[in-house]
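Keep in mind it's a predicted model, so treat the numbers as computed, not measured. Just so you know, these numbers use all the heavy atoms, side chains as well, and skip hydrogens, waters and symmetry mates. Counting from 1, the numbers follow the sequence of the chain as shown.
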Amino acid sequence: MFESACERVWEVDLESRGRKAIVYVDFLKRHFFSGALVAIGEKKNLTQERFIELNKVDVSQIAA
């Protein structure tokens, strides 16, 4: 669980059956949502950027 780019919201990274997902939970643990968290002013999909980061492959770990 990480603090997200959105104030008072935690990012939760999940993995099930080899598939990764990102959901968000408010600090009071009353609400959660899944979907794109978008920085409107920057026109950036922060969820997509984080998902790409989570799925990076370290090519040095791949057997030759």
Side-chain angles (χ1 to χ4, degrees):
M1 190 177 311
F2 304 92
E3 224 174 303
S4 74
C6 184
E7 191 175 318
R8 299 182 186 194
V9 174
W10 288 99
E11 170 190 311
V12 181
D13 304 331
L14 306 172
E15 185 170 352
S16 177
R17 298 181 185 159
R19 296 187 57 127
K20 295 181 182 177
I22 300 171
V23 296
Y24 300 95
V25 179
D26 73 295
F27 278 7
L28 297 177
K29 300 176 193 147
R30 293 186 185 160
H31 304 90
F32 85 94
F33 67 94
S34 63
L37 178 62
V38 178
I40 296 170
E42 301 169 28
K43 299 178 183 175
K44 291 169 71 174
N45 183 333
L46 302 175
T47 302
Q48 183 178 38
E49 288 181 0
R50 179 71 175 130
F51 193 75
I52 290 168
E53 185 178 317
L54 287 173
N55 287 290
K56 282 186 180 176
V57 175
D58 183 357
V59 293
S60 67
Q61 301 297 315
I62 299 173

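Note on V23 and L37: separate hydrophobic clusters, where clusters join Ile, Leu, Val, Met, Phe, Trp and Tyr whose side-chain heavy atoms are under 4.5 Å apart, directly or indirectly. Two different hydrophobic clusters hold V9 and V25 under the rule that ILVMFWY side chains link at heavy-atom gaps under 4.5 Å.
Residues passing the side chain to side chain contact (heavy atoms under 4.5 Å, CB included) test with V38, sequence neighbours excluded: A36. Taking S60 as the reference, D58 meet the side chain to side chain donor-acceptor pair (under 3.5 Å) condition, with sequence neighbours excluded. Taking the salt bridge (Lys or Arg N to Asp or Glu O under 4.0 Å) definition, one finds that E53 meets it with R50, sequence neighbours left out. For I40, there are no side chain to side chain contact (heavy atoms under 4.5 Å, CB included) partners two or more places apart in sequence or in a different chain. For E7, there are no side chain to side chain contact (heavy atoms under 4.5 Å, CB included) partners two or more places apart in sequence or in a different chain. Residues passing the side chain to side chain contact (heavy atoms under 4.5 Å, CB included) test with R8 are F27, sequence neighbours excluded.
Sorted by first then second residue, the salt bridge (Lys or Arg N to Asp or Glu O under 4.0 Å) pairs that include residues 29-42, not counting sequence neighbours, are E42-K44. Legend: ring pair (Phe, Tyr, Trp, His ring centres under 6.0 Å) pairs involving residues 29-50, not counting sequence neighbours, sorted by first then second residue: Y24-F33.
Remark: side-chain polar atoms of S4 are not paired, donor with acceptor, to backbone N or O of E11 under 3.5 angstrom. The backbone N or O of N55 sits nowhere less than 3.5 Å from a side-chain atom of K20 that would complete a donor-acceptor pair.
Scanning both residues, G35 and T47, for their nearest heavy atoms gives O-OG1, 3.3 Å.
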